[in-house]
Protein chains: 2
Amino acid sequence: MEPLTNRQRQILEWIRRETGINGRPPTRAEMATALGFRSVNAAEEHLRALARKGAIRLIPGSARGIQLMDGPPEDAGLWVVGRVAAGQPILAREHLTVRHSIDPRMFRPAADYLLTVVGESMRDAGLLDGDLLAVHKNPEAREGQIVVARLGDEVTVKRFSRRQGAIWLVPENPTYQPLIVRPGDDLVIEGVGVGVVRLEV
Amino acid sequence: MEPLTNRQRQILEWIRRETGINGRPPTRAEMATALGFRSVNAAEEHLRALARKGAIRLIPGSARGIQLMDGPPEDAGLWVVGRVAAGQPILAREHLTVRHSIDPRMFRPAADYLLTVVGESMRDAGLLDGDLLAVHKNPEAREGQIVVARLGDEVTVKRFSRRQGAIWLVPENPTYQPLIVRPGDDLVIEGVGVGVVRLEV
DNA sequence: CCTTGTACTGTATATATATACAGTATGGAA
DNA sequence: TTCCATACTGTATATATATACAGTACAAGG
């Protein structure tokens, strides 16, 4: 998709919001009124530009014929990706399993997927066995963040910390030991935790 | 809402489906074509009937001016209702605050609202301060369930238990004491916890 | 029996709406 | 410099769309 200008992004966001609120896309006249155009043609040309760049689809000759190319964020949903060892690292294979209807943008920053937590190593951070960790994909982490880290083939959820020039992956359970990552170990930060969803209480 | 006839329910369902697929409500002509009417007025009169019975709202003089009164269950979302004391009972007032786009039917049984947990009394059950407890409205509870209970004016989240002929509201934190409900105290079970959503990690 | 509501057909029309065409001004790329 | 895209104003028009009005048939309720 071609990049949008600031104004175009602004207008696309407005259309998205308006469509969500009213349950139907706006007309050119409604756009002009709301966005401050004195000519309906300004709206028409913005729609053409957005359609040309692939952000929307226009249905010719049809009232309110605006289709948003990426569905409204409300029903985008999140996938549960594999299972993650939060105790002794156990599993590594990544594969989509179930999709849940949760707005990814409810979390800050927005979540990209959900990971099932396995084990009790993050218990004192309120992360229990079976919990779904909402993860924001990011190759870097800041001090104290809960991260999804990959060490070789294995994936683990821990608190990220830098101590004595090394990276520590610290559990939140006194019966577990911190993982100290030595330079040369192939550590990959997959993302940072941005939220938790528990389906059983 | 007045009861719908079979045909009206059928047509309402079609409108709902169509609106979801196309991102906008149908026109009278589209309805006639799809539903097999040879007159657009059949569609018009069905819409009038649905509007009169409160199932939809019609926007006069507007193209595709059909508003579904109850949104499709997928994007119904959940409201955060007030704040609940999970430590010493603190707050009682119930009022809607924010709405989150979470499928209520993700939980078993389906959630009716979200409650913000206040305090640390349920810490060892993985319920931290600020967590959103997904609650299924229910006036009864079974042994061991996490309940939202109202004692007089105050609302609290605890584990439900029957011991020695009385009801115990048991915290999950050794520094807190169980609440023993004596016969005569006006205890109301507001609902049972069916899940947790945490927006910060 | 009469009335009311449902469930349609068939025709007609005002207007809501998309959309073309003619301009103006600006800024970036070739 | 020229060309093109952006970002608009302003006018005009074909048609998509809502909606009124006139019927028909049937079933239920008072």
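To find a chain, count down the sequence lines: A is the first, B the second, and so on, and within it residues start at 1. Values reported hereafter were calculated over all heavy atoms of this structure, with side chains retained and with hydrogens, waters and symmetry mates removed.
- Under the side-chain contact (heavy atoms from CB on, under 4.5 Å) test applied with A/Ile146, the options A/Val170, A/Leu127, A/Val196 reduce to a single match, A/Leu127.
- Tested against B/Asp131 for a side-chain contact (heavy atoms from CB on, under 4.5 Å), the candidates B/Glu200, B/Arg198, B/Met122 yield a single pass: B/Arg198.
- Residue-environment remark: CZ (B/Arg9) exceeds the threshold of 12 foreign heavy atoms within 6.0 Å.
- Looking at B/Arg159, its side chain does come within 3.5 Å of a backbone N or O of B/Gly144 through a donor-acceptor pair.
- Near DNA chain D, meaning a heavy atom under 4.0 Å away, the residues from residues 38-49 of chain B are B/Val40, B/Asn41, B/Glu44, B/Arg48.
- Extent of DNA chain C lying under 4.0 Å from chain B heavy atoms, first and last nucleotide in 5' to 3' order, is C/dT6 to C/dT17.
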What N/O pairs connect the protein and nucleotides 24-30 of chain D at under 3.5 Å? Give each pair on its own line.
none

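- The backbone N or O of B/Arg24 lies less than 3.5 Å from no partner atom in the side chain of B/Asn22, so there is not a single donor-acceptor pair.
- Sparse packing is recorded around CZ of B/Arg162, with 12 or fewer heavy atoms of other residues, nucleotides or ligands lying under 6.0 Å away.
- Side chain of B/Arg150 to backbone of B/Glu190: no donor-acceptor contact under 3.5 angstrom is found.
- Here the closest heavy-atom approach between residue B/Ala125 and residue A/Leu128 is recorded as O-CD1, 3.5 Å.
- A/Glu13 and A/Arg16 are joined by a salt bridge, as a carboxylate oxygen and a charged side-chain nitrogen come within less than 4.0 angstrom of each other.
- When all heavy atoms of B/Phe107 and B/Val194 are compared, the pair lying nearest together is CD2-O, 3.5 Å.
- Along DNA chain C, the nucleotide nearest to A/Ser62 and the one nearest to B/Phe37 differ in position, and the one closer to the 5' end is contacted by B/Phe37.
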